[in-house]
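Residues take their numbers from the sequence shown, with the count starting at 1.
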Amino acid sequence: MSDNAADPATEAFVAHRNLLFTVAYEMLGSAADAEDVLQETWLRWVKVDLEQVRDRRAYLVRITTRQALNRLRTMTRRRESYVGPWLPEPLLTSPDVAEDVELAESMSMALMLVLETLGPTERAVFVLREVFAVGYEEIAAAVGKSPAAVRQIAHRARRHVDARRPCEAVSQSETRAVLESFRRALDTGDLQGLLDVLAPDVVMVGDGGGLKQAALRPVTGAEKVARYIIGGTGKVPSTVTVDQTVVNGNPALVMRLDGELDGVLAVRVEGARITGLYYVRNPEKLTRVESETPLTR
C-alpha cells in the first residue's frame with residue numbers, strides 16, 4: 001500500500017479501513033478472512049476512477065461486501081471439513097465498542113452464531129441494513145439484487161434472527177456480575193456454585209479446531225455442563241487463571257494455563273443465568289485477544 005498521504009485513494013481507504021474490517025468480520029466471523037477481504041478490496045479500489053465515485057465510503061463498502069460474499073461462499077465449503085463445532089474468532093475490543101449497544105450485540109458470539117444460520121446473501125443484507133444502516137438501493141448494488149428483492153430478504157433475515165436472539169437485552173454490568181459468579185465457582189471447583197449460575201437448558205460449545213481438545217458436539221443441560229467444566233479443570237496439572245476481559249464488545253473470560261493463553265470463553269446471559277457458553281481454544285483463532293482490534297460503524 002502506498003505511503004503517499006496525498007494520494008486520495010489511499011487517504012479514503014485508510015479513513016474507512018476500520019469500518020470495512022468491521023463489515024467484513026461481521027459477515028465472515030473470521031479476522032484472518034476479513035483481512036484478506038480488505039487486501040482484495042484495496043487491489044480493486046486502486047483501479048477505480050475516483051472522478052466517477054460520488055460517495056467513497058459507500059463505494060468501498062460495496063467492494064468489501066462483494067469480496068466478503070465471494071469468500072463466505074468458499075468458507076461454507078471449508079467449514080464442512082472443520083473438526084468439531086465452529087465458533088467465530090474472538091477479538092479483544094476497546095470500551096467504545098461496548099458502549100455502542102447495537103454494535104456490541106451484533107458482534108456477540110451468540111448473535112454471530114445466529115448469523116451463521118443465514119445464507120450468504122441474507123447475511124450480507126442483514127449486516128448492512130441492521131448493523132450499518134445502509135440504504136436498500138446501496139445494498140442492492142452490493143449484492144446484485146433489485147431494491148425490492150433486498151427489502152424482502154432484509155425482512156426475512158430480520159424475522160429469522162429475531163426468533164433466535166435473546167428475548168431481553170442484558171446490560172454489560174449484569175453480564176459481568178454473572179461471569180464473576182461463574183469465575184468464582186470455577187476457581188474453587190464449586191459444582192453447586194456453577195449450577196446456580198447456569199440455566200437448566202444451558203448449551204456449551206467448544207472450538208478446538210482439531211488442534212486442541214474440545215467437545216466434538218455441544219454439551220447440553222446444567223448438570224452435564226457443570227460436570228464437564230469441573231472435570232476438565234480438575235484434570236489439568238497446570239495452574240489455571242481466569243480473568244475477565246471484553247471480547248467482541250461483550251464481557252468474557254480469558255483462561256490461561258501456567259500463564260499461557262489457553263482459550264476465551266464468551267457467554268449468552270438471559271434472566272441472570274448463563275444460557276450459552278462458547279469456548280474458543282483453537283490457537284489459530286486466538287491471535288487477536290491480547291491486543292485490541294479497532295472496530296467501528
Side-chain angles (χ1 to χ4, degrees), residues 12-13 16-45 48 53-80 82 86-91 97 100 102-165 248-249 293 295-297:
F13 188 85
H16 298 302
R17 190 189 190 287
N18 293 347
L19 163 72
L20 302 178
F21 178 87
T22 310
V23 169
Y25 174 78
E26 285 261 15
M27 283 182 61
L28 302 169
S30 160
D33 285 290
E35 290 290 0
D36 287 346
V37 161
L38 257 61
Q39 189 62 34
E40 288 157 8
T41 298
W42 166 253
L43 294 173
R44 280 157 180 77
W45 175 240
V48 171
V53 177
R54 216 173 51 247
D55 181 340
R56 292 176 183 180
R57 178 184 186 273
Y59 200 95
L60 278 162
V61 168
R62 189 190 304 180
I63 300 174
T64 301
T65 301
R66 284 178 180 163
Q67 299 312 310
L69 264 175
N70 291 343
R71 188 155 288 255
L72 194 54
R73 291 180 179 119
T74 62
M75 282 173 75
T76 308
R77 290 194 294 274
R78 209 166 70 204
R79 299 249 179 94
E80 287 166 5
Y82 196 81
W86 183 96
L87 288 173
E89 186 176 346
L91 310 178
V97 176
D100 184 340
E102 286 180 352
L103 181 60
E105 195 226 355
S106 76
M107 300 200 68
S108 69
M109 282 280 178
L111 200 80
M112 293 282 278
L113 278 178
V114 173
L115 296 186
E116 285 292 314
T117 63
L118 295 171
T121 304
E122 279 184 316
R123 183 166 182 169
V125 169
F126 180 88
V127 164
L128 292 177
R129 184 67 194 158
E130 298 295 319
V131 184
F132 299 96
V134 177
Y136 290 115
E137 298 274 345
E138 193 51 51
I139 298 173
V143 301
K145 303 270 184 192
S146 71
V150 165
R151 279 178 189 274
Q152 283 188 320
I153 293 167
H155 178 69
R156 195 166 63 238
R158 194 182 309 120
R159 210 170 51 219
H160 178 92
V161 172
D162 285 347
R164 290 159 179 79
R165 66 175 11 138
N248 290 35
T293 297
L295 301 164
T296 190
R297 63 180 183 138

Does the side chain of R66 come within less than 4.5 Å of R44's, by heavy atoms? no
Least distance between heavy atoms, M109 atom then P88 atom: CE-O, 3.3 Å
Any chance the side chains of R159 and H155 put a donor and an acceptor closer than 3.5 Å? yes
Between D33 and V37, is the side chain to side chain contact (heavy atoms under 4.5 Å, CB included) condition met? List the steps. CA-CA 6 Å; D33 285 290; V37 161; 5.6 Å; no
Closest heavy-atom pair, V150 versus I139, reported as atoms and distance to 0.1 Å, is CG1-CG2, 3.7 Å
When you look at V125 and R158, which way does the side chain to side chain contact (heavy atoms under 4.5 Å, CB included) test go after all the steps? CA-CA 10 Å; V125 169; R158 194 182 309 120; over 6 Å; no
What is the ring orientation for W86 with Y82, classed by angle as parallel under 30°, tilted 30 to 60°, or perpendicular over 60°? perpendicular
Can you see which heavy atom on T41 is nearest to which on Q67, and at what distance? OG1-CG, 4.1 Å
Sub-4.5 Å side-chain heavy-atom contact between F21 and L91: yes
When every non-hydrogen atom of M27 is compared with those of A124, the smallest separation belongs to CE-CB, 3.6 Å
Pairwise side-chain contact, W42 with R17, heavy-atom cut-off 4.5 Å (strictly under): no
Could you give me the CA-CA distance, side-chain angles and deciding distance for V161 and L118, then say whether side chain to side chain contact (heavy atoms under 4.5 Å, CB included) is met? CA-CA 9 Å; V161 172; L118 295 171; 4.1 Å; yes
Please round to the nearest 0.5 Å and tell me the distance separating atom CZ of R297 and atom CE of M107. 11.0 Å
Working to the nearest 0.5 Å, report the span between CG of L19 and CZ of R57. 5.0 Å
Nearest heavy-atom approach of A31 to Y25 is N-CD1, 3.8 Å
Test the R54-Y59 pair against the cation-pi criterion, namely NZ or CZ under 6.0 angstrom from the six-membered ring centroid and within 45° of the ring axis. no
How long is the span from the OG1 atom in T121 to the CD1 atom in I153, to the nearest 0.5 Å? 6.0 Å
Just verifying a value: how many Å separate R156 CZ and E122 CD, rounded to the nearest 0.5 Å? 5.0 Å
Any side-chain heavy-atom pair from E26 and F132 closer than 4.5 angstrom? yes
For V97 and G249 the tightest heavy-atom approach is CG1-CA, 3.8 Å
How far does CG of L60 sit from CG of L20, to the nearest 0.5 angstrom? 5.0 Å
Kindly indicate whether the side chain of L295, heavy atoms from C-beta on, has any atom under 4.5 Å from the side chain of D100. no
